[in-house]
Amino acid sequence: MTANRGIYVSLIAHASLIVFMIIKVSFFTKPQLNLSEAIRVDMVGLPEKYNPAEKSNDLPEKIEKQPEPVVETKPEEKKPEPKVEAKPEEKKPEPKAQAKPDPKAKPDNDAVSLNKSKQKQKEALEKLKKMSAIEKIRQQVQNQKAADAAAKVLKGRILSKGTSPTGLDKIQSENYLVQLDALIKSKWALPQWLIGKPLKTKILVKIHPDGRVADRKIVQSSGNPTYDEYCIQAIEKAAPFPKVPEKFTEIYNEDGVLFGFPE
């Protein structure tokens with residue numbers, strides 16, 4: 001009886017609840033929500049700690065955030081800075097005052113020797129300069145003389161002493177010498193006892209530009225003084241010679257002309 005009674009009471013209670021819900025839905029309807037003015041909220045952050053063992057089908061409406069663990073940071077210990085010991089300032093030595101030379105004091109031997117050596121070197125340099133200047137002047141004079149001689153030769157076609165005629169000058173010189181030789185041999189007369197003897201003499205004759213004999217000298221004797229004397233007489237009888245050509249005046253006057261007897 002008691003069990004049946006409990007069942008009845010349960011059925012009645014369920015039926016009453018169903019009726020109440022039907023009445024509430026039918027007569028007490030809730031106004032619809034306007035979602036146009038709703039504010040959207042996105043959940044970006046996730047809970048820091050989530051235990052999957054506690055996962056269920058229904059997510060909790062609010063997840064309590066667990067407080068972050070506080071990590072105690074120890075203040076950094078400041079290392080003591082090394083002490084720098086200041087070095088004492090080095091005192092610069094004060095310049096010593098140079099002692100003035102005592103005029104009464106005797107000069108040092110080394111200083112005197114050095115001064116004498118410098119003086120000698122200076123005198124030697126001056127002497128070399130003077131010698132160099134003299135040599136330079138001498139060289140200029142020689143060059144000037146050479147230039148004057150060359151100009152003289154070019155101007156008057158005068159051949160200087162020691163010059164051997166060449167070309168046309170040689171032909172003209174030989175013609176003049178042949179003329180002089182013929183003139184001298186025409187004045188050469190030997191005694192009968194000397195004719196035909198193997199005697200030879202050579203005489204060097206220096207001639208003035210006007211044809212006069214400036215000097216005569218036997219350069220090769222025949223060994224017979226009489227023969228040599230007759231040769232000199234022939235030269236003196238033939239002088240004065242024809243006027244020397246202008247270009248040969250210096251050669252014939254300084255170098256001279258060599259005449260051979262008999263050839």
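Here the structure is a predicted model, which is why all the values come from computation and not from measurement.
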Chemist: Please enumerate all residues that pass ring pair (Phe, Tyr, Trp, His ring centres under 6.0 Å) together with F241, with sequence neighbours excluded.
Modeler: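 Per chain and number, F241 pairs via ring pair (Phe, Tyr, Trp, His ring centres under 6.0 Å) with no residue.
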Chemist: Just jot down the salt bridge (Lys or Arg N to Asp or Glu O under 4.0 Å) partners of E254, sequence neighbours excluded, or say none.
Modeler: none
Chemist: Among residues at least two apart in sequence or on other chains, which ones pass ring pair (Phe, Tyr, Trp, His ring centres under 6.0 Å) with F259?
Modeler: none
Chemist: Taking the basic N atoms (NZ, or NE/NH1/NH2) and the acidic carboxylate oxygens, is any pair closer than 4.0 Å for E263 and K200?
Modeler: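 Here E263 does not pair with K200 in a salt bridge, since their nearest N and O are not under 4.0 Å apart.
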Chemist: Run E123 and K120 through salt bridge (Lys or Arg N to Asp or Glu O under 4.0 Å) and show every step you take.
Modeler: CA-CA 5 Å; E123 292 176 358; K120 288 182 179 179; over 6 Å; no
Chemist: Between W188 and Y230 (judged by ring centroids, cut-off 6.0 Å), do the two rings come close enough to count as a pair?
Modeler: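 No, the ring centres sit 6.0 Å or more apart.
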Chemist: Would you kindly confirm whether L258 and I184 end up in one hydrophobic cluster when ILVMFWY residues are joined by side chain heavy atoms under 4.5 Å apart?
Modeler: no
Chemist: Any luck finding a side-chain donor-acceptor pair between Q233 and K187 under 3.5 Å?
Modeler: no
Chemist: Between K185 (side chain) and A234 (backbone), is there a donor-acceptor pair under 3.5 Å?
Modeler: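 Checking the backbone N and O of A234 against the side chain of K185, no donor-acceptor pair under 3.5 Å is found.
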Chemist: Check this for me, if you would: do K247 and D169 make a salt bridge, where the nitrogen-to-carboxylate-oxygen distance has to be below 4.0 angstrom?
Modeler: yes
Chemist: Does the side chain to side chain contact (heavy atoms under 4.5 Å, CB included) test come out yes or no for L204 and V257, once each step is laid out?
Modeler: CA-CA 6 Å; L204 180 65; V257 180; 5.7 Å; no
Chemist: So that I know where these two stand, are Y176 and Y252 an aromatic pair - ring centroids less than 6.0 Å apart?
Modeler: yes
Chemist: Measure from the side-chain N and O atoms of Y227 to the backbone N and O of L199, and report whether any donor-acceptor pair falls under 3.5 Å.
Modeler: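 Pair found, side chain donor or acceptor close to backbone of L199.
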